[in-house]
Amino acid sequence: MCRRSILDMNFVKRALVMSSTDICHGDLTSIWTLHFTKMNMNHRVILASLTVFQTGQFDIDAALTVVPMKGKEQVTNDLQKLTCDLWLENDRLSLLSHGQEQSKLYSLHPSVFGFLAEKCGNDEHLSKAQLVAMSGFVKVIYKEIANNNKIRNSSTDLLLKNLQQKLIHIKRFFHITSGPTLSLLDAMSNEHGCRYIPLKMIWIAARNTLNPKAVDSFVKWHVNCSEKARDLYLYVYFKSLEAENLLEDGQEEQASEVIEQCKNEYKDARGGLITWTRRAKDEPVAWYALNAAELKVRYFSGKQTRDVQKLEMALKLSDKCQELLKAAKKELRRHLFHSESLEIVNRKGRIFFEIDQLDDAIKCHESCLKNIDMNSQYLLKSIRCRENLAVAYLKKSGLEEDVFARKALEMINKCVESDVIENPWTLQTRADIYYRLNDDTNALVDGMKALEIVRNRNLMATELLIALEKVARYEHGLGKNNKEASCKHFCGLSAQYI
């Protein structure tokens with residue numbers, strides 16, 4: 001029998017003890033109903049508020065975000081009382097940080113949560129308490145994410161590390177703010193500065209914690225909410241996120257349509273043809289965000305189709321984005337302005353690379369590196385920039401002397417040493433550089449590592465095909481002794497196509 005089943009049975013046995021009546025008088029729900037009606041209204045409201053967490057675990061600090069107008073000591077006593085009465089379960093968890101005391105975690109058993117959810121649905125007072133709790137919870141988590149500067153350039157692993165035990169609450173936050181009751185607009189009602197800054201943090205957290213379908217629901221809900229509120233600049237920003245999301249899903253045409261539609265609506269609003277609410281502090285950044293999204297669409301579309309015209313259009317957009325970013329500098333925090341600037345210049349370098357203007361590409365990436373400290377919060381940007389520079393050096397080495405291949409190797413080694421988690425693309429780039437330098441042995445070592453990562457992470461079939469093809473090439477490069485292994489990987493490659 002599984003541990004969850006044993007816990008369920010134990011919980012039912014303990015719940016029956018709650019009743020002084022005979023078990024024959026009714027089922028478990030009727031027993032809970034009897035005790036719930038005898039419970040004071042204060043504890044009923046607390047239980048209704050705690051349904052915000054559903055069946056997830058929460059500590060005393062999390063409980064304080066949803067229980068209105070109560071101090072820590074009082075809420076602790078209430079939680080202990082409800083635990084003794086078997087409405088709550090508790091567990092102890094050693095925190096990751098050394099030197100901290102153990103924190104008691106509480107949760108609602110699935111059966112209790114189902115019972116309370118039904119009660120809240122049928123009781124206007126409890127339903128109102130639940131909504132107030134949701135609103136308070138959303139505002140607290142919103143501030144936590146928006147002010148957590150450590151996550152702005154993070155991968156999923158770093159995000160988990162920085163937010164630790166709050167990840168489950170962050171996912172719940174996104175679930176609540178994806179409709180139909182609340183949105184981020186409720187949490188941002190007291191935001192006086194430029195709203196792009198907290199929304200940028202929220203977006204990074206969403207992309208790192210939600211699955212693609214949930215991200216799509218979150219963005220579309222806020223497009224609708226901002227349009228309904230007639231909030232022009234929030235609407236423009238969420239439309240730019242919708243375009244980015246479509247681009248990530250490989251829908252370049254739809255992303256382009258979203259941007260064109262939004263640009264037309266923006267012009268109509270500025271011309272007074274449509275009435276919108278406009279906050280002056282949000283205008284320069286919203287316009288920048290839309291153009292930055294268009295830059296991504298044009299770049300990726302041109303790269304995929306090898307369309308030089310689209311890439312040259314993306315190059316002009318990168319210049320425009322740099323101008324818009326300077327105009328928005330006053331409204332942005334220093335770190336965010338710096339981060340966005342690096343991203344634009346780095347992408348500009350990639351565009352030059354795609355249209356074979358390698359000297360200009362190298363200048364862009366080298367310029368980025370001059371403004372990045374490897375020990376700063378821009379570590380991941382530094383890794384990606386060095387990787388782009390290594391690829392540019394590698395391509396130039398095919399045209400000129402091997403000194404550029406050596407420079408490429410130097411750059412990529414720094415990427416591999418600094419990367420938070422091994423990723424196959426960095427290893428494949430280094431393998432290609434080794435191969436260019438006729439070091440087939442090291443090329444094969446990195447190629448095999450990359451192939452193993454791709455397989456273990458169940459990445460797309462195209463990534464597996466690339467990894468197999470590269471390994472087969474490196475095996476072949478080693479000579480006659482490895483022809484059998486090379487054939488084996490080519491066979492694996494053929495099997496993927498079949």
Once you round to the nearest 0.5 Å, how far does [atom1] of [X] lie from [atom2] of [Y]?
{"X": "D249", "Y": "K213", "atom1": "CG", "atom2": "NZ", "value": "12.5 Å"}
{"X": "L184", "Y": "I202", "atom1": "CG", "atom2": "CD1", "value": "5.5 Å"}
{"X": "K329", "Y": "L324", "atom1": "NZ", "atom2": "CG", "value": "15.0 Å"}
{"X": "Y142", "Y": "M201", "atom1": "OH", "atom2": "CE", "value": "11.0 Å"}
{"X": "L295", "Y": "I344", "atom1": "CG", "atom2": "CD1", "value": "5.5 Å"}
{"X": "L325", "Y": "E343", "atom1": "CG", "atom2": "CD", "value": "10.0 Å"}

Determine whether [X] and [Y] make a side-chain contact, defined as any pair of heavy atoms from C-beta on separated by less than 4.5 Å.
{"X": "L199", "Y": "L234", "result": "yes"}
{"X": "N291", "Y": "L317", "result": "yes"}
{"X": "W221", "Y": "C225", "result": "yes"}
{"X": "Q54", "Y": "L108", "result": "no"}
{"X": "N442", "Y": "D439", "result": "yes"}
{"X": "R172", "Y": "F137", "result": "yes"}
{"X": "W203", "Y": "V215", "result": "yes"}
{"X": "Y196", "Y": "Y233", "result": "no"}

Exercise. Hey, are T51 and Q130 close enough side-chain-wise for a donor-acceptor pair under 3.5 Å?
Worked result: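 Yes, T51 and Q130 have a side-chain donor paired with an acceptor closer than 3.5 Å.
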Flag, side chain of [X] to backbone of [Y], donor-acceptor distance under 3.5 Å:
{"X": "S226", "Y": "H222", "result": "yes"}
{"X": "S135", "Y": "L131", "result": "no"}
{"X": "D282", "Y": "R195", "result": "yes"}
{"X": "D216", "Y": "P212", "result": "no"}
{"X": "S318", "Y": "L315", "result": "yes"}
{"X": "S301", "Y": "R298", "result": "no"}

Exercise. Is the number of heavy atoms from other residues, nucleotides or ligands under 6.0 Å of K220 NZ greater than 12?
Worked result: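 Atom NZ in K220 is not packed in, count stays at 12 or less.
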So, for [X] and [Y], which heavy atoms are closest and what is the spacing to 0.1 Å?
{"X": "F113", "Y": "T55", "answer": "CB-CG2, 4.0 Å"}
{"X": "G302", "Y": "K310", "answer": "CA-CB, 3.8 Å"}
{"X": "A289", "Y": "Y237", "answer": "CB-CD1, 3.7 Å"}
{"X": "A187", "Y": "K139", "answer": "CA-CG, 3.9 Å"}
{"X": "V345", "Y": "Q322", "answer": "CG2-NE2, 3.5 Å"}
{"X": "V236", "Y": "A286", "answer": "CG1-O, 3.5 Å"}

Exercise. Looking at D231 and R279, does any basic side-chain N land under 4.0 Å from a carboxylate oxygen?
Worked result: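 Salt bridge: no.
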Exercise. Salt-bridged, E244 to K296, with N to O below 4.0 Å?
Worked result: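 Yes, charged N to carboxylate O under 4.0 Å.
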Exercise. Can S107 and F53 be said to form a side chain to side chain contact (heavy atoms under 4.5 Å, CB included), step by step?
Worked result: CA-CA 8 Å; S107 64; F53 301 113; over 6 Å; no
For this session: Could you please spell out the steps behind the side chain to side chain contact (heavy atoms under 4.5 Å, CB included) verdict for E283 and Y266?
Result: CA-CA 11 Å; E283 180 176 9; Y266 183 82; 3.4 Å; yes
Problem set entry | Plane angle bin for F218 and F174 - parallel if under 30°, tilted between 30 and 60°, otherwise perpendicular |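 Rings of F174 and F218: perpendicular, over 60°.
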For this session: Let me see the working for Q309 and D307 under side-chain hydrogen bond (donor to acceptor under 3.5 Å, both in side chains), right down to the final yes or no.
Result: CA-CA 5 Å; Q309 190 175 359; D307 189 324; over 6 Å; no
Exercise. Of T181, L182, D186, which is the lone residue that meets side chain to side chain contact (heavy atoms under 4.5 Å, CB included) with V138?
Worked result: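 Of the listed residues T181, L182, D186, the side chain to side chain contact (heavy atoms under 4.5 Å, CB included) partner of V138 is L182.
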Exercise. Picking from L290, I259, V297, what satisfies side chain to side chain contact (heavy atoms under 4.5 Å, CB included) with S240?
Worked result: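 It is L290, the one option of L290, I259, V297 that forms the side chain to side chain contact (heavy atoms under 4.5 Å, CB included) with S240.
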For this session: Check the pair Q251, L247 against side chain to side chain contact (heavy atoms under 4.5 Å, CB included), reporting the backbone distance first and the verdict last.
Result: CA-CA 5 Å; Q251 302 180 58; L247 183 64; over 6 Å; no
Exercise. Looking at H169 versus F58, is the centre-to-centre ring distance below 6.0 Å?
Worked result: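 Here the rings of F58 and H169 have centres that are no less than 6.0 Å from each other.
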For this session: Report the C-alpha distance between E227 and K239 in whole Å, list the side-chain angles of each, state the deciding distance to 0.1 Å, and finish with yes or no for side chain to side chain contact (heavy atoms under 4.5 Å, CB included).
Result: CA-CA 10 Å; E227 184 177 20; K239 289 296 281 186; over 6 Å; no
